[in-house]
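Note that this is a predicted model, so its numbers are computed, not measured. In each ligand, atom 1 is the first atom listed, and ligand 1 is the first ligand listed.
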Amino acid sequence: MTLAWERQRLIQQLRREIRDERVLVAMLRVPREAFVPEHSRHLAYEDIPLPVGHGQTISQPFIVALMTEALELSGQEKVLELGTGSGYQAAILAELAREVVSVERYLPLAARAREALARLGYRNVHIHEAEKALGWPQDAPYDAIIVTAGAPRIPQALLGQLALGGRLVIPVGSLWEQELLKVIREEHGIKVHNLGPCRFVPLVGEGAWGEAEDRYWGPSAPDF
Ligand code: SAH
C-alpha cells in the first residue's frame, strides 16, 4: 500500500467526524510523511501522535482536523500557531489561510520545520523562536490562534492578540489531560465551547507551565 493511498484512507476515516470539506482537502494535499522522522514514515497515516524529538510530538491527525475545523478559516485570515513542532499543522493552516505565524521554543525543531515547509513550497508561513511572553504580539491581532500544547488556563496574553470575533483553540487542563476549548472573543468578553478531552505536551512560558514541568515531561519520549 502506498503512502498516498494510506493518506486517502485516513481522510475517509476522518470524514465521519469532520464536516468542513476544506479541512479534509487540505489534509489530502499535505504529505504528513514529510514531517515525521525517517524511521516512522510508515506510520505517517496511522491516526496517532508520533515523537519528533526533544520530547515533543506531531499531533494525531484527528486532533489536527478537529482544531483546524474549529478555527473556521475561509482563506483571508492571519493565523497564529503556538508550538510549531514538526510544522505539519502549520502546513495545513497555510493551505487554508492567507498568512501563518508560528512560534516554537526549541530552535532545532523550528529549523527542521522551516526546511520541510520550504521544500514543499509554502511561502506564507513565518516561524519564529518563542520569546518569554506567550504568542507573537509583534504581528497581532490574529483572526485565529491555535495552541498545540496544553495550558493550565486560558492565557490572558493570547486573548490580547486575538481580533474581535477571532477564534482561539487551546487545550486547557492538567499536565496529563486537557479539554480542548474553542474561545471566541466578543465585544464584552469571551464565549467558550468545550470540544472534548485531549492530551498534549505542556505549553511552557509566562502564564503557562514552568521549565520544571517540561523537563519532567520531556524524557519520557525518545529523541531522534
Ligand atoms: N503543531 C505541532 C505539534 C506541536 S507539539 C505539529 O504539527 O507537529 C507542541 C510544541 O509546542 C512543542 O514543539 C513545544 O516545544 C512547543 N511549545 C511549548 N511551549 C511553547 C511556547 N510557549 N511557545 C511556542 N512553542 C511552545
Checklist entry - In terms of atom number and element, which parts of ligand 1 are under 4.0 angstrom from non-hydrogen atoms of V201? => result 5 (S), 9 (C)

Next on the checklist: If hydrophobic residues (ILVMFWY) are linked whenever their side-chain heavy atoms come closer than 4.5 Å, directly or via other members, who joins L134 in its cluster?
Outcome noted: L80, L82, V101, V103, W136, Y142, I145, V147, I154, L158, L159, L162, L168, I170, V172, L181, V183, I190, V192, L203

Checklist entry - What do you reckon, does H54 put a non-hydrogen atom under 4.0 Å from ligand 1? => result no

Checklist entry - When you check the gap from the basic side-chain N to the acidic O, do R15 and E21 get nearer than 4.0 Å? => result yes

Checklist entry - For atom 1 (N) of ligand 1, which of G83, G135, S59 has the closest heavy atom? => result G83

Next on the checklist: Between R112 and E104, does any side-chain N to carboxylate O distance fall below 4.0 Å?
Outcome noted: no

Next on the checklist: So if I count the atoms of ligand 1 from 1 in the order they appear, which ones are less than 4.0 Å from some heavy atom of T57?
Outcome noted: 3 (C), 4 (C), 5 (S)

Checklist entry - At a 4.0 Å threshold, what atoms of ligand 1 neighbour a non-hydrogen atom of I58? => result 8 (O)

Next on the checklist: I'd like to know if S102 contacts ligand 1, where contact means a heavy-atom distance under 4.0 Å to any ligand atom.
Outcome noted: no

Item to check | Proximity of A130 to ligand 1 by residue part, where a heavy atom lies under 4.0 Å | outcome: side chain

Item to check | Per-residue contact class, P202 against ligand 1 - non-hydrogen pairs under 4.0 Å | outcome: backbone

Next on the checklist: With the threshold set at under 4.0 angstrom, would you say V52 reaches ligand 1 through any of its heavy atoms?
Outcome noted: no

